[in-house]
Chemist: 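Below is the structure I would like to discuss, written out as structure tokens.
All residue numbers in this chain count up from 1 along the given sequence. Note that the structure is a prediction, hence the values are computed from the model and not measured.
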Amino acid sequence: MERVTGIRCCAALRSCFPILTWLPGYNLTWLKMDLIAGLTVGLTAVPQALAYAEVAGLPVQYGLYSAFMGGFIYCIFGTSKDITLGPTAIMSLLCSAYIGGDPVFAVVLTLLCGIIQAGMALLRLGFLLDFISHPVIKGFTCAAAVTIGFGQVKVRVSQSLTPPAFSFASCISIICVLRVGDVILGLCCLFFLVMLTLMKNSLGSSEHEASLLVRSARRLVWSLATMRNALVVIAATGVAYSAEVTGHHFFSLTGKTAEGLPPFKVPPLSETVANGTVITFSDIAKDLGGGLAVIPLMGVLESIAIAKAFSSKNNYRIDANQELFAIGLTNILGSFVSAYPVTGSFGRTAVNSQTGVCSPAGGIVTGVIVLLSLAFLMPLFFYIPKASLAAVIICAVSPMMDFRVPVQLWRVKRLDLLPFLVTFVVSFWEVQYGIVGGVVVSGFMLLHIVARPKVKVSDHGVLLLELDSGLNFPVTEHLSRLVYKHALQVSPRRCLVLDCAHVSSIDFTVVHELTELLKQFELRGVSMIFAGLKVEFNINRHVLLSADLPGFRHTDRVDEALQLLTSIINNSNSQ
């Protein structure tokens, strides 16, 4: 008995702390691979964090504040070896709609998101994510890609692409606003990022047949292409620095940023603005409004979807509720270091997986790289051109715009285009409304399927109704209408076989309605027989017996029911 208790305690500990499942078997080979993967992801995470902070409307250092906590927390509580937590394009875009560029609002949002996510994990509410359908997710990500991409073009290149009215004077004003240096540098950064991406994708098709020298060269090129974001930002920073020291101000720079590591402190729960007005915690929560529902759900949805994709690819399993808890705890502790909400990053997770990471310990290396950048490199970030960060963002979000999705939806189920298009179009108005609109449309479609299941009506001498799904209360009126139309309101009245072979559940409302239908059949001198009823409770014992209805009959197969009814009809005719 004590041994069984001990085994259960160990299993519970491993469930709560997944690090205990892989740490005992950790070895030097894993350490080597985790170091390489963590370093590679870190060199990708730093420039992306700076860029995503701009998308969120925050100073660039807040991107780095958000990029390191996930590596340490997820290593202990996460169940996927591949996933990396940190700022992403979608979460940054969602946050920008609620925080208004205010760091205090961002930190409070992070704290509340973490509490909500951790609470959902403890209450086992991860199933709520199942109600956000794939067309809604795809519609949102496509709209987010377009919004973020064009937002970078607008802000970084022309500063204003929407003059009050079209005229020759307005065209001149736009041309005057353009900074030629930003345009040229941005296009050059985009060109090199795209080229490096294409080079990386073209490598490795026949590596097993190549010589050692060729394989080494491919690995070198692949490594450089993987670190393309860092290389392009470093090169652009060098160009901008050279221009500045020679007195030429060709580029818009990131500018002065806060130096050093963020202090570990309790998140601010109120804010005093310049005019002395105090914004209380309740006021901040009210201003965040729907963001307290949209951002936690989308953060968890994005992260778990990525974790499931890579666990399937690399043949291991994840625990969705444990992932939910890990993300929630990361956001809670992240609020103590001034982070804004984070989630799993598909791009960085792909880099992590492709580099051969063996455990979540690779996230620790990534976190250390970010911390070193905060500690020693912040003064150099002054010279990072904003155009280079814009190029990094545009290349990061461009794969999210998947033009194959509408075609696939059209081929599989055309009606699924409706939530996709609603989400896609409405997201250009307000991102959160796009998600809500898509979920509502998907919900109505689901309710319609539940309330109006397919019922096949056929004539075999007696009437046969074949149900293809469960019988729940919304379907009662529809089912009664069909029975009356085909059996009770015709002349002569028809006997009926109700084929329930595919029915997996029946609720009380349906049972009550079936009871009333049986009474009507008895009153009209005809019969209704149930065939193949396999629900988890006995209708006759629970309800129909109490109604004292001798007319209730049930058979295991449809052919038995048809034979029984045929014999009843023949006996009635002979009499």
Chemist: Sequence neighbours excluded and cut-off under 3.5 Å, please list the side-chain donor-acceptor pairs for residues 55-81, or say none.
Modeler:
unit_1, atom_1, unit_2, atom_2, d
Ser66, OG, Tyr62, O, 2.8
Ser66, OG, Tyr340, N, 2.9
Tyr74, OH, Ser80, N, 3.0
Tyr74, OH, Glu323, OE1, 2.7
Tyr74, OH, Glu323, OE2, 2.7
Thr79, OG1, Asp319, N, 3.3
Thr79, OG1, Glu323, OE2, 2.6
Ser80, OG, Asp82, N, 3.3
Ser80, OG, Ile83, N, 3.4
Ser80, OG, Tyr316, OH, 2.8
Lys81, NZ, Val357, O, 3.1

Chemist: Do Pro135 and Leu409 have side-chain heavy atoms sitting under 4.5 Å apart?
Modeler: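 Touching, per the 4.5 Å side-chain cut-off.
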Chemist: So Leu288 and Leu112, do their side chains get closer than 4.5 Å, heavy atoms only?
Modeler: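 The answer is yes, as the side chains (C-beta and beyond) meet within the 4.5 Å cut-off.
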Chemist: Which residues satisfy the ring-ring contact (aromatic ring centres under 6.0 Å, His included) test with Phe192, sequence neighbours excluded?
Modeler: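 In terms of ring-ring contact (aromatic ring centres under 6.0 Å, His included), with neighbours along the sequence ignored, Phe192 is linked to no residue.
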Chemist: Report the C-alpha distance between Ser311 and Arg317 in whole Å, list the side-chain angles of each, state the deciding distance to 0.1 Å, and finish with yes or no for side chain to side chain donor-acceptor pair (under 3.5 Å).
Modeler: CA-CA 6 Å; Ser311 67; Arg317 292 185 62 81; over 6 Å; no
Chemist: If we ignore hydrogens and angles and just use 3.5 Å, is the side chain of Gln117 paired with the main-chain N or O of Pro296 as donor and acceptor?
Modeler: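 Yes, the answer is positive, given that a donor and an acceptor are paired below the 3.5 Å cut-off.
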Chemist: Would you say that Cys395 contacts Val194 through its side chain, given a criterion of any heavy-atom pair below 4.5 Å between the two side chains?
Modeler: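 Touching, per the 4.5 Å side-chain cut-off.
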Chemist: Quick check: do Leu372 and Leu377 have side-chain heavy atoms less than 4.5 Å from each other?
Modeler: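 They are not in side-chain contact.
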Chemist: Is there side-chain contact between Leu39 and Ile369, with heavy atoms separated by less than 4.5 Å?
Modeler: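 They are in contact (side-chain heavy atoms under 4.5 Å apart), so the answer is yes.
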Chemist: Please check if any side-chain donor atom of Ser133 sits under 3.5 Å from a side-chain acceptor atom of Ser442, or the reverse.
Modeler: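 Yes, side-chain donor-acceptor contact under 3.5 Å.
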Chemist: Ile306 and Ser345: which non-hydrogen atoms are nearest, and at how many Å?
Modeler: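 Scanning both residues, the minimum pair turns out to be CD1-C, 3.8 Å.
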Chemist: Taking all non-hydrogen atoms of both residues, which atom of Pro385 and which atom of Ala240 are closest, and how far apart?
Modeler: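 Looks like CG-CB, 3.6 Å.
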Chemist: How far apart are the closest heavy atoms of Pro87 and Val342, and which atoms are they?
Modeler: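 Looks like N-CG1, 3.9 Å.
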Chemist: Taking only residues two or more places apart in sequence or in another chain, which ones pass ring-ring contact (aromatic ring centres under 6.0 Å, His included) with Phe424?
Modeler: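 Listed in chain order: Phe428.
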Chemist: Any heavy-atom pair between the side chains of Met91 and Tyr52 that's under 4.5 Å?
Modeler: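 Not touching, per the 4.5 Å side-chain cut-off.
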Chemist: For a quick test of reading the model, state the closest non-hydrogen atom pair linking Cys113 to Ile295 and the distance between them.
Modeler: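 Of all heavy-atom pairs spanning Cys113 and Ile295, the closest is SG-CG2, 3.6 Å.
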Chemist: With rounding to the nearest 0.5 angstrom, report the OH to CG distance, Tyr383 to Leu253.
Modeler: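 Reported to 0.5 Å precision, the distance equals 8.5 Å.
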Chemist: What is the distance from atom CG of Leu292 to atom CD1 of Ile116, rounded to the nearest 0.5 Å?
Modeler: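 Atom-to-atom, Leu292:CG and Ile116:CD1 are 5.0 Å apart.
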Chemist: Starting from the C-alpha separation in whole Å, work towards a yes-or-no answer on side-chain contact (heavy atoms from CB on, under 4.5 Å) for Val239 and Phe251.
Modeler: CA-CA 10 Å; Val239 172; Phe251 313 109; 4.0 Å; yes
Chemist: Under the side-chain contact (heavy atoms from CB on, under 4.5 Å) criterion, do Met120 and Phe325 qualify, and how do the steps go?
Modeler: CA-CA 8 Å; Met120 289 175 63; Phe325 180 76; over 6 Å; no
Chemist: Taking the side chain as C-beta and beyond, is there a heavy-atom pair between Ser270 and Ile279 under 4.5 Å?
Modeler: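 No. Closest side-chain heavy atoms not under 4.5 Å.
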Chemist: After noting the C-alpha distance and the side-chain angles of Phe336 and Val107, does the key distance pass the side-chain contact (heavy atoms from CB on, under 4.5 Å) rule?
Modeler: CA-CA 8 Å; Phe336 285 78; Val107 173; over 6 Å; no
Chemist: State, without any angle test, whether Thr44 and Asn229 hold a side-chain donor-acceptor pair at a distance under 3.5 Å.
Modeler: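 Note: Thr44 and Asn229 side chains miss the donor-acceptor criterion.
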Chemist: Using a 3.5 Å distance criterion without hydrogens, assess whether the side chain of Ser335 forms a donor-acceptor pair with backbone atoms of Ile332.
Modeler: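 Present.
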Chemist: Pro406 and Leu417: which non-hydrogen atoms are nearest, and at how many Å?
Modeler: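 In terms of heavy atoms, the two residues are closest at O-CD2, 3.7 Å.
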Chemist: Could you tell me the separation between the CG atom of Leu85 and the CG atom of Leu329, rounded to the nearest 0.5 Å?
Modeler: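 With rounding to 0.5 Å, CG (Leu85) is 11.0 Å from CG (Leu329).
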Chemist: Atom CD in Glu302, atom CG in Leu94: separation rounded to 0.5 Å?
Modeler: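 Here the rounded value is 8.5 Å.
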Chemist: As a quick check of understanding, evaluate side chain to side chain donor-acceptor pair (under 3.5 Å) for Thr349 and Asn352, giving each step before the final call.
Modeler: CA-CA 5 Å; Thr349 300; Asn352 208 25; over 6 Å; no
Chemist: Using modelled atom types and a 3.5 Å cut-off, is there a donor and acceptor pairing between side-chain atoms of Ser303 and backbone atoms of Val300?
Modeler: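 No: the side chain of Ser303 does not pair with the backbone of Val300.
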Chemist: Shortest non-hydrogen contact from Ser388 to Val233?
Modeler: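 What the structure gives for the nearest pair is OG-CG2, 4.4 Å.
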Chemist: Can you check whether Asp416 reaches Met445 side chain to side chain, under 4.5 Å on heavy atoms?
Modeler: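 In contact.
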Chemist: Given 3.5 Å as the limit, does a donor-acceptor pair link the side chain of Thr366 with the main chain of Gly38, or not?
Modeler: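 Checked: pair present.
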Chemist: Supply the atom-to-atom distance Gln48 CD to Leu43 CG, rounded to the nearest 0.5 angstrom.
Modeler: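 Rounded to the nearest 0.5 Å, the CD-CG separation comes out at 11.5 Å.
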Chemist: Under the side chain to side chain contact (heavy atoms under 4.5 Å, CB included) test against Pro341, which residue among Thr110, Ile99, Thr88 passes?
Modeler: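 Single pass found, and it is Thr110.
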Chemist: Please lay out, stage by stage, how Phe381 and Met378 fare under the test side-chain contact (heavy atoms from CB on, under 4.5 Å).
Modeler: CA-CA 5 Å; Phe381 292 161; Met378 291 304 287; 3.3 Å; yes
